[in-house]
Amino acid sequence: MHVVRYNPLMDTRYTPHSYENDIYKKWEESGAFSADSQVQTMGEHQPFCIIMPPPNANDPLHIGHAMGVAVQDALIRFHRMRGSKTLWLPGTDHAGIETQYVFEKKLRKQGKSRFNFDRDTLYSMIAEYVDENSQVAISQMKRLGASADWDRFTFTLDEDVVTFVKDTFLKLHDDGLVYRDEKLVNYCTKCGTSYSELEVVYKEQQTPLYYLQYGPFELATTRPETKFGDTAVAVHPDDRRYQHYVGNTITVEGISSPFELTVIADEFVDPEFGTGVVKITPAHDHNDFAVWQRHKDAMPALKQVIGFDGKLNELAGEFAGLPVVEARQKVVAVLREKGLLVKVDDTYQNRVATCYRCSRVIEPLPLTQFFISVNKKDNSLAHTALKSLSAGQTKILGAGREKILKHWLENLQDWNISRQIVWGISIPVWYQVDGYESSVHVGFLTKDGVYTRGTLEELLTQFSIDEVVAGVQSVQAENTVPYVVSLEKPNGGGMYLAETDTFDTWFSSGQWPVVTLKTGKSDDFETFYPTSVMETAYDILTFWVMRMMLLGEYLTGRSPFSNVYLHGLVRDEKGKKMSKSKGNVINPLEIIDKYGADVLRMSLVIRSTPGQDRSVGEPDFKAARNLTNKLWNAARFVMLQIENNEGGDNTPHSEFDVKLTEVVRSITSHIDELRLGLAADELYNSFWHWYCDECIEQHKKGSLSTDQLLTGLTTFLILFHPFMPYITEVIWQELRERSLVKTNLLISTPWANS
RNA sequence: GGUCAAUUAGCUCAGUUGGUUAGAGCGCACGAUUCACAUUCGUGAGGUCGCUGGUUCAAGUCCAGCAUUGACCACCA
């Protein structure tokens, strides 16, 4: 073999690291990523747009992100080459609770906590921390080869985004879809915030079931420590055993002194369970709270005995100050001494609500919060979203998960959007506190940095209002305190305190497709909304996709995307879930270092199916690595043939063009119909087993012309480019140097005709 | 208790609207190779497509039931 001149293609192996950075730079400099560089021809293909699910601003990417980038970038590159005006809009998320949780962990290591800082200081500390780390995710996406429009990059706390999100809240409020009410919320006493129903993880466990002597009854409970908050006893209305007690007042021998309760009848009581008698603790149990709402006239007000610190309060007498678990043991011990404990069932299994973030037990606690009503009769957000699903305006690709989404929408409860953390968008609400000083609970840092809390009434005897405001950490106004929804502090003589809660992160990300396009370049919204595909993992279907549908419809009257492509979770090569404790986590960056971005992308996408988990491991990476090498060597062969002018007199093979056209047609339709796994698989096989095994061999035997061989190569480079952008572009550059192709960059080369 | 999904070669998985001898990667056996590529090439072994019925000229694909696994939801005092 004689070498005409030195060129990297003479290496028999493809080495991704020698090329990837340069190629990415070339793409960026060419402006190919920008939606503005493409002119939408009035042809057959509509504008194409994907809003990237914004990863957490300060976390490194995991392999699931790599899956997302691989799928989205493949679609984007395909549609761009096919001549659509194409936008892939990237961004990052402030990830309220996640970020504050991580940050507070850091503080703890320094022996500090959030209570050492006022709101503004804490917020800027977290902001600084996020700033320091926020380039990580972006640079990693670039290494993956993401051809996103970085000029349109958006962060969820960008000023115009924040303004937009607050305006949405105002609009919802004007439309009567926001209300404030005291309800039981899912509260994590460790994270110090409430959550929506979605963020609660239920765990099956054994919980002792205590049978207590309770006045004239025996009753079963798992939570004897809440008895200080009992406000009634309930039985089933048809239960003959207890019917004659209904409406009566009974006397219960308490721990210190006896107390009286009314017996009520409610359908929720299961006569078969326990003794058929239930103590009602409305402040600490969702069912009991519902009973209380139905029987308000027959029962006293809420009695909260567990505080937001997870400890019993003064109503618990001698047990005040004890954490819940400890208190339970002590209460049981005292009851046993007094002979009030009948028996204990240690085999009882139940489900306990835990925090998705820190795994601590979630306490249902009464808190006054802002809610969005999702099922209001004449203006139902959920109903509208359901209609677009049924009408097919939004299609869900993901193994039956459309039904899960519908089920959620049909049963959705009002959305609690208040979070008691600082890292987020503050809720634009002001409390008018004059005359309500005793109903406003404030925690703040004095000038000397001492954490102080109490009602405003108490605090104002020692401090000025300005001093309180300057050091404020939290304001908790009771349900009776009047409030104003407003971006600015209301005018007028009254004394106002700003709400300290922030929005649930999903409230802002739920507006993402709308807010990114509306705050972007002038006509982005008109051109690209509704977006074409929303691509994300199925585990945030309800958290995020559902909320985007609710709010997208509300804000624009249209569902925010035509297709939802739900990729599966990435598992290890044995199909096991990846976790740090198992030590089977694959770091995408390590795979890129070892094999290159193309290999990682291809091995994730090939033969993957929406909604189905994907398992990958070393054998898959090697297989994809071998494919890059195969492409490399096929290209070398073709170029060597041409340079050495060999095979020039070969005759054209008539079946070749037919078959190639069929390959192009098939791959094109697969990608167009979002069958990426199948497209990649077919591409792999037709390239390797047809083009390399058959066509190249035919050429060697003289029955396929060099022109056809070159056409085959360039066609396959085009078809492979969405899946393996780097190597295909490297080869394209080699062909271009030899004047074998006309366009400067493959990324901007028109798609193959079929 | 309800819903959804999965069950195809030793392993991990494809198989779009039902249509000839069911595919890939890895693994296995045997062989080849100065000729693009040993990150290669060729040949081969290996599957009653979970089970039982049904619809159809035709079923891995559609229907019903069952089994196993996983996920989601509901109840739980």
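Computed from a predicted structure; not experimentally measured. Convention: sequence-line order gives letters A, B, ...; per-chain numbering from 1.
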Protein-nucleotide distance ([X], atom [atom1]; [N], atom [atom2]), rounded to Å:
X       : N      : atom1 : atom2 : answer
L409(A) : C72(B) : CG    : P     : 18 Å
L405(A) : U3(B)  : CG    : C1'   : 14 Å
Q206(A) : C76(B) : CD    : P     : 19 Å
L678(A) : C13(B) : CG    : P     : 17 Å
D345(A) : A77(B) : CG    : P     : 13 Å
K203(A) : A71(B) : NZ    : P     : 14 Å
F217(A) : A77(B) : CZ    : C1'   : 14 Å

How far, in whole Å, is [M] from [N] if one measures between their [atom1] atoms?
N      : M      : atom1 : value
A24(B) : A45(B) : P     : 13 Å
U8(B)  : G23(B) : C1'   : 10 Å
G54(B) : U61(B) : C1'   : 15 Å
C49(B) : G60(B) : P     : 7 Å
C66(B) : A5(B)  : P     : 16 Å
G42(B) : A36(B) : P     : 14 Å
U68(B) : C51(B) : P     : 15 Å
U69(B) : G31(B) : C1'   : 42 Å

Discussion item. Partner lookup for A59(B), please. Criteria are Watson-Crick or G-U wobble with both distances under 3.5 angstrom; report none if nothing qualifies.
Written reply: none

Using a heavy-atom cut-off of 4.0 Å across all strands, would you classify [X] as base, sugar-phosphate, or nothing?
X       : result
K700(A) : base
H689(A) : sugar-phosphate
R223(A) : nothing
T609(A) : sugar-phosphate
A634(A) : base
N287(A) : sugar-phosphate
D613(A) : nothing
E697(A) : base
N685(A) : sugar-phosphate
F268(A) : sugar-phosphate
V616(A) : nothing
I606(A) : nothing

Worksheet item: Would you call the rings of Y245(A) and F217(A) parallel, tilted or perpendicular, where under 30° means parallel and over 60° means perpendicular?
Response: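 Aromatic pair Y245(A)/F217(A) classed perpendicular.
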
Of all the choices, [options], which nucleotide is nearest to the side chain of [X] once you look at every atom?
X       : options                : answer
N633(A) : A36(B), A77(B), G23(B) : A36(B)
C692(A) : C72(B), A36(B), C76(B) : A36(B)
Q612(A) : A14(B), C76(B), U40(B) : A14(B)
T221(A) : A77(B), G25(B), U39(B) : A77(B)
D681(A) : A77(B), A24(B), U40(B) : A24(B)
R614(A) : C13(B), A77(B), G25(B) : C13(B)
R607(A) : C26(B), A24(B), C76(B) : A24(B)
L209(A) : C37(B), A77(B), C72(B) : A77(B)
K630(A) : C41(B), G23(B), U39(B) : C41(B)

Worksheet entry | Distance test, side-chain N/O of N626(A) to OP1/OP2 of U40(B), below 4.0 Å | yes

Worksheet item: Just to confirm, is there a sub-4.0 Å distance from OP1 or OP2 of A36(B) to any side-chain nitrogen or oxygen of W688(A)?
Response: no

Worksheet item: Taking N and O atoms by type only, does the side chain of K577(A) place a donor or acceptor under 3.5 Å from a partner on the base of A71(B)?
Response: no

Item to complete: Please confirm whether any donor atom in the side chain of K403(A) sits under 3.5 Å from an acceptor in the base of C4(B), or the reverse.
Response: no

Discussion item. Tell me whether the ring of Y684(A) lies stacked over the A24(B) base, given a 5.5 Å limit on centroids and a 30° limit on the plane angle.
Written reply: no

If you draw a 6.0 Å radius around [atom1] in [X], do more than 12 non-hydrogen atoms from other residues or ligands fall strictly inside?
X       : atom1 : result
K395(A) : NZ    : no
H383(A) : NE2   : no
E697(A) : CD    : yes

Worksheet item: Ring centres of F723(A) and Y684(A) under 6.0 Å apart?
Response: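 They do not qualify: ring centres at least 6.0 Å apart.
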
Worksheet entry | Aromatic centroids of W690(A) and F656(A) separated by under 6.0 Å |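 For F656(A) and W690(A), the ring centres are under 6.0 Å apart.
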
Discussion item. Nearest 0.5 Å, please: how far is NZ in K279(A) from CG in D288(A)?
Written reply: 7.5 Å

Fill in: Any donor-acceptor N or O pair under 3.5 Å, side chains N685(A), Y691(A)
no

Worksheet item: Does K700(A) make a cation-pi contact with F637(A) (under 6.0 Å, within 45 degrees of the axis)?
Response: yes

